[in-house]
Every structure is written in C-alpha cells, then in structure tokens.
Amino acid sequence: DGQSSSTTTPASVPRPRKRSGILHMNDEEKQHQLDQQKCNSKWHGLVEGNLIVKQGLVDKRKGLFARRRMLMLTMGPHLYYADPASMTLKGEIPWSPQLRVEPKNFRIFFVHTPNRTYYLEDPEGFALEWCKAIEEMRVNTYGVAPTTCT
Ligand code: 4IP
C-alpha cells in the first residue's frame, strides 16, 4: 500500500550494532545476544557457551599446508578454530596479554603468541578487520598499554 518503508526505520532508531559492538554491551544485552546465538548459530555448541564476537573462514597454515577453519573470536576471550566440514573444534589460539596481531596484507595476518605464530589467511581479504577485532578484544581485556619487552 502507500506506506513508505522508511516509516518503519525512523532516523531516531539506532541501527543494529555491528558484531564488534558486543564488547560495549551491558550484561542484559549480552545475554540477549547469547540467547539469539543459542537458537541461530550452528557453531554455538563448539564455543563452550561463549558469545561469538566475530567469525569467518580462514586458511590456517602449519608447515607447507593450510587447513580451512572457521575462526571464532568469542568473549572470554577465546579464539577457537573448527573444521567446517566435520563441525568439530580443532583447537584454540591461546590468549594472553602478550598476544599480538600483525596484518601482512589484505588477506594474510599473523597472530603472535609466546609459543607460536599462527599464519592465517582470510580468502575474502578482510585480514584487517580480523586484526582490528582481535586488537580491540586485547585492549578491552588487558588494557591499552602494550608490553614493550622484546
Ligand atoms: C596439521 O596438518 C593441521 O595443520 C593441524 O591444524 C595442526 O594443528 C597440526 O599441527 C598440523 O600438523 P595436517 O592436517 O596436514 O596433518 P588443525 O588442528 O586446525 O587441523 P594445530 O591445531 O596445532 O594448528 P600440530 O603441530 O599442532 O600437530
């Protein structure tokens, strides 16, 4: 009919937050997101009840070969990776205040941890988004000051 669709989304109503906005939600909002995730995400069973902040397929290189994994940054924080074919959890990049991300280009980024550097490639070219999200989680969890010891 003649009803303009714009009347359903007046400018005064905030747009839905992007996923990284989760870090700034209050407990009630986070619980709501978690309830949604329980119902809607096929990955929910793999992330130990944690709220997923960002997820996406990446190729994780180890030695000569790379494996395609669903990488999931969650509250906690955790960085889980799962095999999307078998829907099984394969591992977790260990979080610590020393964790550092390093974008190499639009596809490739490194996650440095004290004992291992993870070589990751986002085939869709959103490596910088990953680095931003992980760094934001680091600051949110451990504070702004970088550890400067080398
Ligand atoms: C495997 O190579 C996979 O890359 C594993 O990744 C990796 O484990 C293994 O390293 C590596 O040997 P192949 O599949 O070609 O054998 P995933 O666990 O994602 O399947 P992680 O989890 O540590 O990267 P090792 O050294 O951890 O076994």
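Counting convention: from 1, in listed order, for ligands and their atoms alike. No hydrogens, no waters, no symmetry mates; every other heavy atom, side chains included, goes into these values.
- Rounded to the nearest 0.5 angstrom, H112 NE2 and R100 CZ are separated by 10.0 Å.
- Environment of CG in D27: sparse, with no more than 12 heavy atoms of neighbouring residues, nucleotides or ligands closer than 6.0 Å.
- Centroid-to-centroid, the aromatic rings of F110 and Y118 stay 6.0 Å apart or farther.
- A salt bridge is absent between R107 and D122; no separation between the charged side-chain nitrogens and carboxylate oxygens falls under 4.0 Å.
- Considering Q33, Q31, H32 in turn, Q31 is the only one that fulfils the side-chain hydrogen bond (donor to acceptor under 3.5 Å, both in side chains) rule with D35.
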Using a 3.5 Å cut-off and no angle test, enumerate the donor-acceptor pairs between side-chain atoms of residues 84-91 and protein atoms at least two apart in sequence or in another chain.
{"residue": "S86", "atom": "OG", "partner": "D83", "partner atom": "OD2", "Å": "3.3"}
{"residue": "S86", "atom": "OG", "partner": "T88", "partner atom": "OG1", "Å": "2.7"}

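- Protein residues are said to neighbour a ligand when one of their heavy atoms lies under 4.0 Å from it; for ligand 1 these are K60, K62, R67, R69, Y81, K90, R116.
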